[in-house]
Amino acid sequence: MSSVVQATLGDAFAGLHPKVRWRFGLSSGDGVAQLGVGVMDEMTHSALVPPPVLWLGGRRGLFPAGKAVDVPFTIANYAYVDAIGRETLAFVRRFAFVGKPQGMNSVMVTPARTPNPDFALDYLGYRSDMIVHTRCSVDADGGLVLESDAPRVLGVKIPQLASALTTAREWWDEDEERHRIQIDVTSPVLGTLFHYHGWFTAEEHPCAVADIPEYAVPSKLVERE
């Protein structure tokens with residue numbers, strides 16, 4: 001079975017750098033997980049983000065709400081088929097902020113109801129509170145670019161003018177021989193709301209479906225697409 005990103009990119013998937021292709025080629029039929037460790041060089045957010053939003057986002061695993069430099073973090077990826085038959089790639093991230101570790105969980109899903117989709121679905125948070133349509137592309141360096149549109153929060157779509165759009169890029173650093181990532185969340189009105197960038201290394205480990213930890217699967221299955 002094709003991975004979520006491979007299904008979304010189609011023939012363009014071959015244009016990814018081999019190390020990025022390995023990362024996002026992980027599918028439910030592989031019987032492995034990817035475990036990575038690294039450092040976020042910078043994690044910051046705008047002073048315009050209301051404190052209650054930061055508190056809620058951090059508490060529900062929607063996004064890291066801290067602000068710091070040189071934050072150690074881990075990332076684990078697991079692939080499985082969810083209870084309604086969709087290919088799924090889970091991302092489990094843990095950030096070691098001093099005195100207040102935080103997590104961010106998400107699952108990327110191949111839509112079940114859209115023939116030959118040109119997007120993936122991202123369900124964010126421990127309970128999949130937020131849903132975004134994410135389009136994938138390949139940049140000139142063989143990196144993967146993920147662009148997410150206005151989210152639906154608890155089933156309600158937020159107008160783009162009042163919402164935030166996310167652009168993420170992951171690529172392979174040939175000089176340092178490690179993966180790099182940058183994420184920017186921007187508002188058409190307020191500008192950059194969140195910015196993260198850092199690096200990590202990752203290894204593959206055997207992992208049967210029965211071995212996927214419970215915390216890697218959202219505590220609430222959401223069928224909305």
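Being a predicted model, the structure only gives us computed values, none of them experimental.
- Between the side chain of Gln102 and the backbone N or O of Ala65, at least one donor-acceptor pair lies under 3.5 Å.
- Arg135 has its side chain within reach of Asp118: a pair of non-hydrogen atoms, C-beta onward, lies under 4.5 Å apart.
- Cys207 contributes atom SG, which lies 8.0 Å from atom CG of Leu35 (distance to the nearest 0.5 angstrom).
- Residues passing the side chain to side chain donor-acceptor pair (under 3.5 Å) test with Asp139 are Arg169, sequence neighbours excluded.
- Judged by distance alone, with hydrogens and angles left aside, the side-chain atoms of Thr8 form a donor-acceptor pair with the main-chain N or O of Val4 at under 3.5 Å.
- Across every non-hydrogen atom of Tyr80 and Pro218, the tightest pair is OH-CD, 3.6 Å.
- Among all heavy-atom pairs drawn from Val132 and Asp149, the shortest one is CG1-O, 3.8 Å.
- Between Phe73 and Phe95, the two ring planes are parallel [angle under 30°; tilted spans 30° to 60°].
- The aromatic rings of Phe24 and Phe91 sit tilted relative to each other, their planes meeting at an angle between 30° and 60°.
- Atoms CG and NE2, from Asp184 and His195 in turn, are 5.5 Å apart once rounded to the nearest 0.5 Å.
- Applying the side chain to side chain donor-acceptor pair (under 3.5 Å) criterion to Glu170, with sequence neighbours excluded, gives Arg23.
- For the pair Leu144 and Leu16, the minimum side-chain heavy-atom distance is below 4.5 Å.
- For the atom pair CG of Asn77 and OG of Ser3, the computed distance is 11.0 Å after rounding to the nearest 0.5 Å.
- Of the possible donor and acceptor atoms, none in the side chain of Arg86 sits under 3.5 Å from a partner among the backbone N and O of Ala112.
- Between Val217 and Thr88, the closest side-chain pair of non-hydrogen atoms is not below 4.5 Å.
- Side-chain contact between Val107 and Tyr78: absent, with no pair of heavy atoms (C-beta onward) separated by less than 4.5 Å.
- Two residues are said to be in side-chain contact when any heavy atoms from C-beta on lie closer than 4.5 Å; Val109 and Tyr123 meet this criterion.
- Salt bridge Asp173/Arg180: present, at least one basic N to carboxylate O contact under 4.0 Å.
- Nearest heavy-atom pair, Arg21 versus Ala14, reported as atom, atom and distance to 0.1 Å: NH1-O, 3.2 Å.
- The distance from the CZ atom of Phe194 to the CG atom of Leu54 is 5.5 Å, given to the nearest 0.5 Å.
- Counting heavy atoms from C-beta on, the side chains of Leu26 and Gln6 never come closer than 4.5 Å.
- Separation of atoms CD (Glu87) and CE (Met108) is listed at 12.0 Å; rounding is to 0.5 Å.
- Atom CG of Asp41 is separated from atom CG of Asp70 by 6.5 Å, given to the nearest 0.5 angstrom.
- You'll find the side chain of Cys136 stays beyond 4.5 Å of the side chain of Phe13, heavy atoms only.
- In this structure, the side chains of Trp199 and Val39 come closer than 4.5 Å at one or more pairs of heavy atoms.
- For Glu203, the CD atom is loosely surrounded, since the number of other residues' heavy atoms within 6.0 Å does not exceed 12.
- By the rule that hydrophobic residues join a cluster once side-chain heavy atoms approach within less than 4.5 Å of another member, Leu89 and Ile183 end up as members of one cluster.
- When all heavy atoms of Ala216 and Ile212 are compared, the pair lying nearest together is CB-CG2, 3.9 Å.
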side-chain hydrogen bond (donor to acceptor under 3.5 Å, both in side chains) assessment of Glu204 paired with Trp22: CA-CA 10 Å; Glu204 197 171 83; Trp22 168 76; 2.9 Å; yes
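- Among residues two or more places apart in sequence or in another chain, the ring-ring contact (aromatic ring centres under 6.0 Å, His included) test is passed with His205 by none.
- At least one donor-acceptor pair under 3.5 Å links the side chain of Ser187 to the backbone N or O of Val189.
- Closest approach of Pro64 and Tyr196 over heavy atoms only: O-OH, 3.1 Å.
- Side-chain atoms of Thr134 and Asp122 form a donor-acceptor pair, as typed in the model, at a separation below 3.5 Å.
- Minimum heavy-atom separation, Phe97 to Lys67: CE2-N, 3.8 Å.
- With no hydrogens or angles considered, no side-chain donor-acceptor pair links Glu177 and Trp172 at under 3.5 Å.
- Side chain to side chain, Ser106 and Arg93 meet the donor-acceptor criterion of an N or O pair below 3.5 Å.
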